[in-house]
Amino acid sequence: QRPRNFPPGPPPVPIFGNVLQLSMKNPMAGLDKLSGEYGEVYSLFLGWRPAVVLHGLQAVREALVTKSVDFAGRPQGMMINHVTEDKGLIMGNYGAVWKEHRRFALTTMKNFGLGKRSMEERILEETDHVCTRLGENAGKSLDPVTLVHSAASNIICSVLFGHRYDYQDPVLSFVINSFKENAQIANGPWAAVYDTFPLLRRLPLPFRRVFDNYRALKKHTVEIVEQHKHTRAPGEPRDVVDCYLDEMDKRGPEGCVLEEERLVMLLLDLHFAGTDTSSNSILTALLYLATHTHIQAQCQTEIDGVLGGKERVSFEDRHRMPYVMATIHETQRLANIAPLGVFHATIRPTKLMGYDIPEGTLVITNLTSVLFESSQWERPNDFNPAHFLNDDGQFVKPEAFLVFSAGPRVCLGELLARMELFLILVTLLQRFHFLWPEDAGNPDLSPVFGGIQSPKPYRVSVRLRGNQGA
Ligand code: HEM
């Protein structure tokens, strides 16, 4: 039964609620249809659990920005909470522990605590490795997936642990594959079974794999923290682990919410959140650039003009590259990396667009509905960098650009992700042409649906640029 004045929605069936009415493979069309029937704020039952779905900028903004704290919680008691032993940051509920860890991670990643090597340097160092590998493949075509995932994982590893892995290192593929498999299961039907039927949770069903993967990843991360404890020089941090240990020393044990177990979970969360998101954004950008060579050429003209003979781009250069910035943002809009964001929950009874929403209600922010909203974007389904340019050709960011969401839970890695996308893509375009292989047939630009979306597998031809960006 829906509570009084709760948002309307389709009638649920016993036990399953409304889950059988949506395609597990891709519920997006079904969610659009429901919004057409019930409006911008409607409700569903995921098994026994009521959920409110927000469709379009107005509803999402009212919840995440206007009523920000009311909607800043996370649902509890779901598979992902149990996997992370209720100690992670991403699924951590709104409260002192989440706040302290979020503040710590944000400040550290804004470069205050990362010691001598800035985030920018770490990204550019990894980009050099990517260029070497692409250079070896110049004149050929390659599937860029493994290379780009490895690079993104290495960048976040460098920030978290001060270490990158060789592209052949089995540890790198172990980490990437474990996170990938966990994301797939956590967003698929087996997670829904786990969340809906508590009695089945102890059975050896495929969701157990998520717990096994996580245990292995945790063991690996604990070892890294142990090594840091032996090699660190207090007060001279090399990375996030050192910064956290320094902060624990500073605060002392009394009343401190920072503890080693939580450090491990924080590292796992940041590693997970920072790998597939950035890599799939870069892969989508390369796909669009290879299939729209006139836009690629316009980016290269701007890059060459701004950088001249300068060998390395810096993040500051973005202010002089409005067309490149517009192109990157447009590929991010189309990549639509987190199509339904990360689930929120209300932390107290509240109101939204006239409806009453009780405390603890699961809230789904349909970010896709905002990124493709026809009243917000001139040509929502096209690749059109002009969405991010004003009449004077300056870069502008429309309010509906919510790829990182908004409000107190806005993506914590936004700065790192924006730096990665800009520095990597500009460097690659400075040095290479990317072309759609002649024998590859027509490109399919539609993404593979998932909690984190990815482009369909593709190959791209790589050519060295004649002028090397000079
Ligand atoms: C292009 C790349 C990325 C995209 C599109 C993206 C998108 C998002 C989105 C939509 C959310 C959910 C916000 C909400 O709950 O409303 C989120 C949360 C989060 N992201 Fe990202 N993200 C990206 C990269 C990263 C990176 C590189 C990191 C790691 C450093 C990261 C760390 C996080 C964390 C920790 C949260 C949870 C924040 C919280 O609950 O307080 N993300 N991200």
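Read the numbers this way: they start at 1 and go in the same order the structure lists the ligands and their atoms. Everything numeric here is computed off the predicted structure, so don't read it as measured data.
- Between E261 and K218, at least one side-chain N (NZ, or NE/NH1/NH2) sits under 4.0 Å from a carboxylate O, which counts as a salt bridge.
- Among pairs with a residue in residues 340-353, those fulfilling side chain to side chain donor-acceptor pair (under 3.5 Å) read D70-R348, D70-T350, K351-D356, at least two apart in sequence or across chains.
- Salt bridge absent: E100 and R262 never bring a charged side-chain N and a carboxylate O closer than 4.0 Å.
- Listed by chain and number, residues touching ligand 1 at under 4.0 Å (heavy atoms only) are R74, L89, I90, W98, R102, M109, I156, L270, A273, G274, T277, S278, S281, Q332, I337, A338, V342, H344, L367, V403, F404, S405, R409, C411, L412, G413, L416, A417.
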Quiz: residues 56-63 side-chain donor-acceptor pairs under 3.5 angstrom, not counting sequence neighbours:
residue: R61; atom: NH1; partner: E399; partner atom: OE1; Å: 2.8
residue: R61; atom: NH1; partner: E399; partner atom: OE2; Å: 2.9
residue: E62; atom: OE2; partner: K67; partner atom: NZ; Å: 3.4
residue: E62; atom: OE2; partner: M353; partner atom: N; Å: 3.1

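- The ring pair (Phe, Tyr, Trp, His ring centres under 6.0 Å) analysis of residues 56-93, with sequence neighbours excluded, yields the pairs H82-Y194.
- Ion pairing between R122 and E125 fails under the 4.0 Å rule for side-chain N and carboxylate O.
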